[in-house]
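One structure below.
Just so you know, residue 1 is the first one in the sequence shown, and it goes up from there.
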Amino acid sequence: MIVYLKGIAATGPGFENWDALSNHFAAGADLNPDFIPRPQGNILPSVERRRASTTVKLAVDVAQGALQQSGMKAEELAIVFASSNGGTNTIHQVCDALAAPERFVSPIHFHNSVHNAPAGYWSIASGSMQPSSSLCAWNDTFAAGLVEAATQCLVENVPVLLAVFDTPFPEPLYKKTPGHQPFGVALVLDVSPRNSLARIAIAIDCDARLAPTQMDDPRLEALRCDSSASRSLPLLAAFATPTAQQVVFSYADDMRLRVAVDRLPA
């Protein structure tokens, strides 16, 4: 599968946005060791923003960033939102409520606990009437989201907004689940090379001997292993590198996902 990158956004521990991360990869600019994302959800209407969880705000923040860089309109883009853990704080609140004698679950908490809540909030905020998909594949969620987005892009001949995001659970689930730091990434993919940032060739490989690509920096390697969303880091590094790159992800049991990236002239 061959698709083209039109827009990109990312935030995580040490970097507020894609510019900060790409400058680190391209020029060695220092990351901020004290920075932790604090999602704002500014695109959301005020009423929805008050209801929205941190997970929802992180999802719509990176989606908005990638959309703005692409110069495209939200109503043009199909939507694929992917997360390993979903709305972590909301799920914790629901579990707390179910463990109490009254077992009263707030309607707002229940509403936000479903896995497609972030995509729904995005559709409301952006005015998009395009189809949306919400998926989870545990630690392979980023790879699965990339396959889903590229497939829709090619089969439906429509640009696709992919957002992958994870936020940590509170205790006690914090120690039992991946994703101890917030991380979000979004890509706008299209079939047309016009005004694109990179060419992306995606192939599924059944050779389990292929090792997933790791980061050279031990700090970024630790971050890569932290969540499904942060496993995107090798691909983000490839987007910031002027030479052609190939990245390997684990994908669905013993399969692998090979992603070849070629940067295109500005």
Side-chain angles (χ1 to χ4, degrees), residues 10-16 21 31-41 51-62 81-106 108-119 121 134-146 163-186 211-236 249-254 257:
T11 188
F15 59 98
E16 182 176 4
L21 183 60
L31 298 177
N32 180 355
D34 298 322
F35 178 80
I36 297 294
R38 291 175 174 81
Q40 302 299 310
R51 294 178 181 172
S53 66
T54 301
T55 306
V56 167
K57 291 176 181 177
L58 176 60
V60 300
D61 281 354
V62 292
F81 274 28
S83 175
S84 175
N85 292 334
T88 48
N89 284 328
T90 304
I91 294 170
H92 171 79
Q93 290 165 335
V94 171
C95 289
D96 261 358
L98 292 175
E102 299 83 3
R103 298 172 64 86
F104 174 75
V105 176
S106 160
I108 291 179
H109 290 162
F110 177 76
H111 160 80
N112 282 329
S113 70
V114 296
H115 205 71
N116 63 347
Y121 274 96
S134 298
L135 58 86
C136 167
W138 197 233
N139 287 331
D140 298 335
T141 295
F142 177 77
L146 183 60
V164 187
F165 44 91
D166 280 308
T167 55
F169 274 105
E171 292 289 8
L173 288 174
Y174 178 85
K175 292 179 181 177
K176 301 297 183 181
T177 56
H180 296 155
Q181 302 183 80
F183 195 104
V185 57
T213 304
Q214 299 182 358
M215 305 301 295
D216 293 333
D217 185 329
R219 294 168 301 174
L220 288 180
E221 174 59 14
L223 178 59
R224 181 191 74 86
C225 296
D226 184 60
S227 72
S228 62
S230 59
R231 278 170 169 73
S232 64
L233 275 169
L235 183 59
L236 300 182
F249 295 98
S250 63
Y251 176 70
D253 297 325
D254 292 331
L257 194 69

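In terms of modelled atom types and a separation under 3.5 Å, the side chain of Q40 and the main chain of R38 share a donor-acceptor contact. In terms of modelled atom types and a separation under 3.5 Å, the side chain of S228 and the main chain of D140 share no donor-acceptor contact. Although no hydrogens or angles enter the test, the distance criterion places no donor-acceptor pair under 3.5 Å between the side chain of R224 and the main chain of S230.
In this structure, the separation between CG on L146 and OH on Y251 is 9.5 Å, given to the nearest 0.5 Å. Atom CZ of R231 sits about 13.0 Å away from atom OG1 of T213, to the nearest 0.5 Å. Note that CZ of F142 is 9.0 Å distant from CG of L257, once rounded to the nearest 0.5 Å. Put simply, CG on L31 and CG on L220 are 6.0 Å apart, with the number rounded to the nearest 0.5 Å. To the nearest 0.5 angstrom, F165 atom CZ is 11.5 Å from D61 atom CG.
Within the 4.5 Å cutoff, no side-chain heavy atoms of T55 are placed close to those of N89. No side-chain heavy atom of N85 sits less than 4.5 Å from a side-chain heavy atom of T167. P13 has its side chain within reach of L223: a pair of non-hydrogen atoms, C-beta onward, lies under 4.5 Å apart. Contact of the Q214 side chain with the P234 side chain is not registered, since no non-hydrogen atoms from C-beta on lie closer than 4.5 Å. No side-chain heavy atom of S83 sits under 4.5 Å from any side-chain heavy atom of C136. With contacts defined as side-chain heavy-atom distances shorter than 4.5 Å, the pair L233/L21 qualifies. A 4.5 Å side-chain heavy-atom check between P182 and T54 finds every atom pair outside the cut-off.
In terms of heavy-atom proximity, V56 sits nearest to A52 at CG1-CB, 3.8 Å. The two residues V60 and P118 have their closest heavy-atom pair at CG1-O, 4.3 Å. Contact between A59 and A163 at its shortest, heavy atoms only, is O-CB, 4.4 Å.
Residues meeting the salt bridge (Lys or Arg N to Asp or Glu O under 4.0 Å) test with D217, sequence neighbours left out: R219. In this view, S113 satisfies the side-chain hydrogen bond (donor to acceptor under 3.5 Å, both in side chains) rule with no residue, not counting sequence neighbours.
Annotation: D96, atom CG; neighbour count of heavy atoms from other residues, nucleotides and ligands within 6.0 Å is above 12.
S84 and T141 share no donor-acceptor pair across their side chains, judged by distance under 3.5 Å alone.
Residue pairs meeting the side-chain hydrogen bond (donor to acceptor under 3.5 Å, both in side chains) criterion with at least one member in residues 168-184: none, sequence neighbours excluded.
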